[in-house]
Amino acid sequence: MILSQFFGPLELHFAVALGISLVLGYLLGAEREMRGKDAGISTHILVISGAMLFSIVSATDVLAPTRIAAQVVTGIGFLGAGLIFHVDGGVKNLTTAASLWISAAIGVALGLGFYVVAITAGLISVLVPRIPRVGMKERVHPVERP
């Protein structure tokens, strides 16, 4: 069969992982968009899919199969840090940065074939930001200078 020449076990793994990446990225991104955040559906799908692809490619390296995937943690940490900023004495976008970080972790899990782990982490990641807050933090406004 000619299809089997182009579609082996690695490609099947990639197709399944990509499908899960799309669904989980959509769910995580939609949750962020519903809260009016800039990093939404496209960003989360791309982060999960990119981390997944890096992990698959990394796993094929016979000398250091985790070398490339390990760099995803640092790279996404840098990306997330760019989202966090101070406004009126408070911190903004910390949860969005964390959602990108766990999106990358989900992508790595998918790339390494841990489908159940990735799906479970993805669903928990969608639910956690929806947990009701216990109390509101009091905003401390900076002292205005004359």
Side-chain angles (χ1 to χ4, degrees), residues 3 5-142 144:
L3 187 59
Q5 292 175 349
F6 300 105
F7 205 75
L10 181 64
E11 290 78 16
L12 178 60
H13 167 56
F14 172 73
V16 169
L18 184 61
I20 297 170
S21 296
L22 292 170
V23 171
L24 293 177
Y26 180 86
L27 292 173
L28 280 141
E31 191 283 326
R32 293 286 78 204
E33 282 188 11
M34 286 190 284
R35 293 191 180 249
K37 302 300 179 181
D38 292 330
I41 293 170
S42 296
T43 304
H44 283 80
I45 288 174
L46 291 173
V47 166
I48 292 177
S49 300
M52 176 269 300
L53 184 55
F54 277 127
S55 297
I56 288 175
V57 171
S58 182
T60 64
D61 184 345
V62 293
L63 298 177
T66 59
R67 181 178 57 89
I68 298 171
Q71 300 309 310
V72 170
V73 177
T74 306
I76 293 300
F78 181 76
L79 180 65
L83 286 170
I84 301 168
F85 54 94
H86 290 89
V87 175
D88 295 331
V91 177
K92 297 287 184 188
N93 289 336
L94 193 56
T95 303
T96 301
S99 73
L100 286 180
W101 196 58
I102 196 158
S103 292
I106 291 166
V108 170
L110 286 170
L112 296 177
F114 298 107
Y115 300 133
V116 173
V117 171
I119 291 168
T120 303
L123 295 176
I124 293 297
S125 299
V126 171
L127 295 175
V128 165
R130 295 294 172 175
I131 294 173
R133 290 180 169 76
V134 175
M136 295 297 292
K137 293 181 183 179
E138 184 178 322
R139 294 277 181 202
V140 177
H141 295 287
E144 293 187 27

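All values below were derived from every heavy atom in this structure, side-chain atoms included, with hydrogens, water molecules and symmetry-related copies excluded.
Smallest separation of non-hydrogen atoms from Leu24 and Ala118: CD1-O, 3.5 Å. Nearest heavy atoms, Ala59 versus Leu112: CB-CD2, 4.3 Å. Residues Ser21 and Ser49 approach most closely at CB-OG, 3.5 Å, considering heavy atoms. Closest approach of Leu94 to Val91, counting heavy atoms only: CB-CG1, 4.3 Å. Across all their heavy atoms, Ala39 and Thr96 have their closest contact at CB-CG2, 3.5 Å. Closest approach of Ala51 to Ala104, counting heavy atoms only: CB-O, 3.3 Å.
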Determine whether Leu28 and Val47 satisfy the following criterion, side chain to side chain contact (heavy atoms under 4.5 Å, CB included), listing intermediate values before the conclusion. CA-CA 11 Å; Leu28 280 141; Val47 166; over 6 Å; no
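Annotation: ring-ring contact (aromatic ring centres under 6.0 Å, His included) contacts of Phe114 (sequence neighbours excluded): none.
Trp101 places a side-chain heavy atom less than 4.5 Å from the side chain of Val73. Counting heavy atoms from C-beta on, the side chains of Val16 and Leu110 never come closer than 4.5 Å. The side-chain heavy atoms of Val23 and Ile20, taken from C-beta on, include no pair separated by under 4.5 Å.
Interatomic distance, CG of Leu100 versus OG1 of Thr95, reported as 11.5 Å (0.5 Å rounding). Atom CE of residue Met34 and atom CD1 of residue Ile41 lie 8.5 Å apart, to the nearest 0.5 angstrom. For the atom pair Ile102 CD1 and Ile124 CD1, the distance stands at 9.0 Å (nearest 0.5 Å). Note: Leu22 CG to Leu46 CG = 9.5 Å, rounded to the nearest 0.5 Å. From Ser99, atom OG reaches atom CD of Glu31 across 7.5 Å, with rounding to the nearest 0.5 Å. To the nearest 0.5 Å, atoms CE (Met52) and NE2 (His13) are separated by 7.5 Å.
Under the ring-ring contact (aromatic ring centres under 6.0 Å, His included) criterion, no residue pair touches residues 24-69, with sequence neighbours excluded. For residues 68-79, no residue pair satisfies the side chain to side chain donor-acceptor pair (under 3.5 Å) rule, not counting sequence neighbours.
Not a single donor-acceptor pair under 3.5 Å links the side chain of Arg67 to the backbone N or O of Asp61.
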